Amino acid sequence: MAAPSRGRGLQRLVDVPDPHGDRAGDRAQPAGVHQVGRRRVRARAKKAGYPTVSLPGAAVWHITWTDKNDALDWQIYFHERNRIITALLHSGYERGGRVLTESQGIDVKHLLSMQYYTQAARLYAQADVLRGPGVLHDEIGTKAPEPRQMAQEHDDSVTRPDADSFPDVQVSKPPHKGRAFSAPHRALLPAWTVKAMGRQALARPTEKARRHPQALVAHQDAKWWTLSHYDSAVVSNAEGTKVAWYKRRPEQVRTMLARSARTHLDLYRQWNRLRDEYRAAADEITSFPAWERTFAANPAPVRPGIDDRDAVEESSERPDAPSESTSA
């Protein structure tokens with residue numbers, strides 16, 4: 001089978017930018033990053049008794065990170081929860097190494113960016129990790145709908161087809177000399193973060209910004225160091241098909257920042273206990289019988305126009321299925 005041409009929206013697996021956009025330009029990671037990841041996956045599979053095979057020259061084609069919105073929508077719940085659980089199961093470092101520090105840093109970036117829905121889903125995921133492995137299978141049927149239902153509670157997840165659906169942009173103070181905002185220098189980052197977070201949590205948004213967005217920001221430009229300068233902004237999604245009106249809400253920042261600090265402190269203090277619990281339960285929660293019970297209890301919803309067509313095709317392929325002449 002021929003590989004698809006490398007057109008817009010497709011990207012080879014070994015050429016993936018940083019999904020969190022920490023650096024201006026989102027430079028692609030080298031192929032070696034994925035080589036290391038594949039070796040680790042093969043090692044874990046071998047340890048669990050599953051054979052693997054490598055196909056030289058094979059490639060996987062998928063949508064680019066820059067065209068995906070999964071770091072901001074309901075899927076972030078599973079990214080955050082599964083990342084921490086993976087560290088609990090497999091990390092050889094004390095308390096998971098930097099996983100908790102990086103997790104809290106990402107929380108801060110979302111709060112600086114007025115992405116309160118994303119942050120609410122992340123806090124939900126962190127709290128679920130603390131509940132232990134016993135609920136993973138029992139609640140699998142509700143975990144996707146619950147983060148989706150939270151979307152209507154936050155401005156940043158209420159989307160419209162275009163910017164004309166919102167009031168017109170009114171700028172009170174343009175960027176200095178018309179230049180785009182740039183990421184703070186690493187040496188100045190701690191002081192910059194304290195100042196920026198203080199503004200997010202304490203300063204009242206202007207009345208004008210409550211009534212009119214201050215900027216139109218494309219998804220690729222919606223970095224935390226840019227959005228942190230606004231009281232409100234209309235931001236497009238990754239596909240460029242919808243926009244949302246982000247609004248700074250100091251009370252939400254204070255509440256979510258406090259929850260993030262408490263949750264990460266709990267994860268740090270309880271890490272060793274949680275590590276032992278998840279590792280002891282690993283064989284059971286990944287077993288075929290456990291997944292058979294879970295799939296039986298949570299059947300996939302019927303997709304009109306797809307599943308009924310597949311059922312007709314399957315029945316027509318059975319040897320005992322009547323032919324057209326017979327049925328006539």
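Here the structure is a predicted model, which means the values were calculated and not measured.
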Practice task
Kindly say whether Trp245 contributes a backbone atom to a donor-acceptor pair with the side chain of Asp155 at under 3.5 angstrom?
Solution key: no
Original post:
Between Phe78 and Trp74, how do the two ring planes meet: parallel, tilted or perpendicular, split at 30° and 60°?
Top reply: perpendicular
Within the supplied structure, the quantity of interest is the number of heavy atoms (other residues, nucleotides, ligands) at a distance under 6.0 Å from Lys208 NZ; does it exceed 12? yes
Note: with side-chain heavy atoms under 4.5 Å as the link, the other cluster members for Leu136 come out as Ile84, Ile85, Leu88, Leu89, Val99, Leu100, Val129, Leu130, Leu267, Tyr268, Trp271, Leu274, Tyr278, Ile285
message = So does Ala187 get a backbone contact from the side chain of His185, meaning a donor-acceptor N/O pair under 3.5 Å?
response = yes
Residue set satisfying ring-ring contact (aromatic ring centres under 6.0 Å, His included) with Tyr117, at least two apart, ordered chain then number -> none
Practice item. Could you walk me through whether Gln170 and Gln214 pass side-chain hydrogen bond (donor to acceptor under 3.5 Å, both in side chains), step by step? Key: CA-CA 5 Å; Gln170 294 189 9; Gln214 296 174 306; over 6 Å; no
On a heavy-atom basis, the closest approach of Ala244 and Thr159 is CB-CG2, 4.2 Å
>> Tell me whether Asp221 contacts the main-chain N or O of Val217 through its side chain, where contact means a donor paired with an acceptor under 3.5 Å.
In response: no
- Query: Does Arg131 CZ have over 12 foreign heavy atoms under 6.0 Å away?
  - Reply: yes
What one should report as the nearest heavy-atom pair of Ala121 and Met150 is N-CE, 3.8 Å
So CZ of Arg279 and CZ of Arg275: to nearest 0.5 Å the spacing works out to 6.0 Å
Practice item. Check the pair Asp231, Arg248 against salt bridge (charged side-chain N to carboxylate O under 4.0 Å, His left out), reporting the backbone distance first and the verdict last. Key: CA-CA 5 Å; Asp231 285 340; Arg248 185 167 66 84; 2.8 Å; yes
Separation between CD (Gln115) and NE2 (His154), nearest 0.5 Å, reads 12.5 Å
### Message
Just checking His229 against Phe181, ring centres under 6.0 Å apart?
### Response
yes
Those residues at least two apart in sequence (or on a different chain) that pass salt bridge (Lys or Arg N to Asp or Glu O under 4.0 Å) with Arg210 are Glu207
Note to self: Quick check on Arg204: does its CZ atom have over 12 non-hydrogen neighbours (other residues, nucleotides or ligands) under 6.0 Å away?
What the structure shows: no
